[in-house]
Amino acid sequence: MTAPSQVLAVIGQGYVGLPLAMRAVQQGFRVVGFDVANERVAELRAGRSYVGDVHDDELAAALAAGFLPTSDPADLVGFDVAIVSVPTPLHDGKPDLSAVEQAARTLGPHLRPGATVVLESTTYPGTTEELVGPILDAESGLRAGVDYHLGYSPERIDPGNQQYTLINTPKVVSGVNEASLAAVTAFYDRIVERTVPVATTAEAEMTKLLENTFRHVNIALVNEMAMFARQLGVDIWRVIDAASTKPFGFMKFTPGPGVGGHCLPVDPSYLSWRVEQHVGRKFEFVELANDINEAMPLHVFERISALLDGQRKPLAGSRVLLLGLAYKAGTSDWRESPTIPLAARLAAAHAEVVVCDPHVAPVTVASLPYPLVPFSADELAAADIVVVMVDHPSFVPETVAQSSSLVFDAKGVLRGLPFSGEVL
Ligand SMILES: NC(=O)c1ccc[n+]([C@@H]2O[C@H](COP(=O)([O-])OP(=O)(O)OC[C@H]3O[C@@H](n4cnc5c(N)ncnc54)[C@H](O)[C@@H]3O)[C@@H](O)[C@H]2O)c1
């Protein structure tokens, strides 16, 4: 007789939780996908995936294999492993861990001796042991590290990345003690190709924040340099290309219209907040990077205004086509996208704003006051200025260059092509 499959509960069925749930089903777990959003659960049950990296046929196969999307906590009964992948946003600039707390309160009553709980949500060092463990202990009457295993494993998923997936990206794992680390590692060894154990949960939590702060700071560095280079009459893109030929000690980052998504505009501030709380000092690099990256949409706005001015066209009344609502190429995720503040600023200046993003489902942007238009030569030609905000592969650079009367290219995709306009 074969052993019954282990029950995995994934709390939070979003960009992180759903792909993990799919993978675990394929690896033989009986997966309960718990989410508080009833409409998301209904979509999943109907076989419709709202996460770009999970296709409907993959979801259908998972449902057929027993995947249970649910918002009923009673379905969590008897879980062997639980992963928490709920949002960790900022609220008034401070970490908002209410979803993590709520998830722990939901899991606690169903926690059994020997089970394992892993937090995957991005957060400041200390959260697993200081916040999640005590809630689970209180709700279950068990003790973390003694009666059940507790750990943290940061998610490195990169939506839209075809080369590095959940499976082949090494996964940092940690536990509150040796036994917990062993249990957490054993679970992920069934999910990913390589696990990277670290000594404490705080180390694992901070690893994620180092990775994202590194990206955030380096993007801010090239953004600031791009603005100065222009004033110095130097082409920053050619400078970056040249510097990138150095085989060691340099990593390529390119300028853009600002940062978006759930990670870069948020995660470094978790670390900065923790540093200020515990050390009483500001994390200067993070603060500066925030300032520079948050100011990029304003810089783009000013460049658009100046380009239109040069054509004797007032911004007010001009039709501005923004190419890209998602925060980066190949994804439908438009949370914190720099296109949003730019569009708002343009609309406030009475420009006629239209947005094009074939990756974003119109229903998800119904609340936005800008029409979504298709990517076509006619739409490009109808705009007084076209702004490249995202380098989606479907935005064919040659078509943009040929069909638009004026372009501001904030992603450098038109470099080398003949077109009327400027690159960031
Ligand atoms: N999206 C990414 O690329 C990415 C990458 C690495 C890490 N992360 C981190 O992973 C975490 C989750 O991010 P995401 O992008 O998957 O978020 P998401 O918003 O796509 O999904 C989170 C889901 O959790 C649900 N939820 C909220 N509170 C809940 C609760 N108490 N119980 C059950 N479900 C609840 C929401 O309804 C939502 O469906 C965040 O901490 C994020 O910073 C995200």
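These values consider heavy atoms only, across backbone and side chains, with no hydrogens, waters or symmetry-generated copies. Whatever order the structure lists ligands and atoms in, that order sets their numbers, starting from 1. FYI, the numbering just counts along the sequence from 1.
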Original post:
Are the side chain of Thr185 and the backbone of Leu181 linked by a donor-acceptor contact shorter than 3.5 Å?
Top reply: yes
Original post:
Is the shortest side-chain N to carboxylate O distance from Arg281 to Glu276 below 4.0 Å?
Top reply: no
Original post:
Are Arg230 and Glu422 ion-paired here, with the side-chain N under 4.0 Å from a carboxylate O?
Top reply: yes
Original post:
Parallel, tilted or perpendicular: which describes the rings of Phe214 and Phe253, with under 30° parallel and over 60° perpendicular?
Top reply: perpendicular
Original post:
Which residues pass the side-chain contact (heavy atoms from CB on, under 4.5 Å) test with Ala37, sequence neighbours left out?
Top reply: Asp35, Glu39, Arg40
Original post:
Exactly which residues line ligand 1, taking a heavy atom under 4.0 Å from it as the test?
Top reply: Ile11, Gly12, Gln13, Gly14, Tyr15, Val16, Phe34, Asp35, Val36, Ala37, Arg40, Ser85, Val86, Pro87, Thr88, Ala99, Gln102, Ala103, Ser121, Thr122, Glu155, Ile157, Pro159, Lys208, His262, Cys263, Arg335
Original post:
Donor-acceptor pair, Tyr152 side chain versus Ser121 backbone, under 3.5 Å?
Top reply: yes
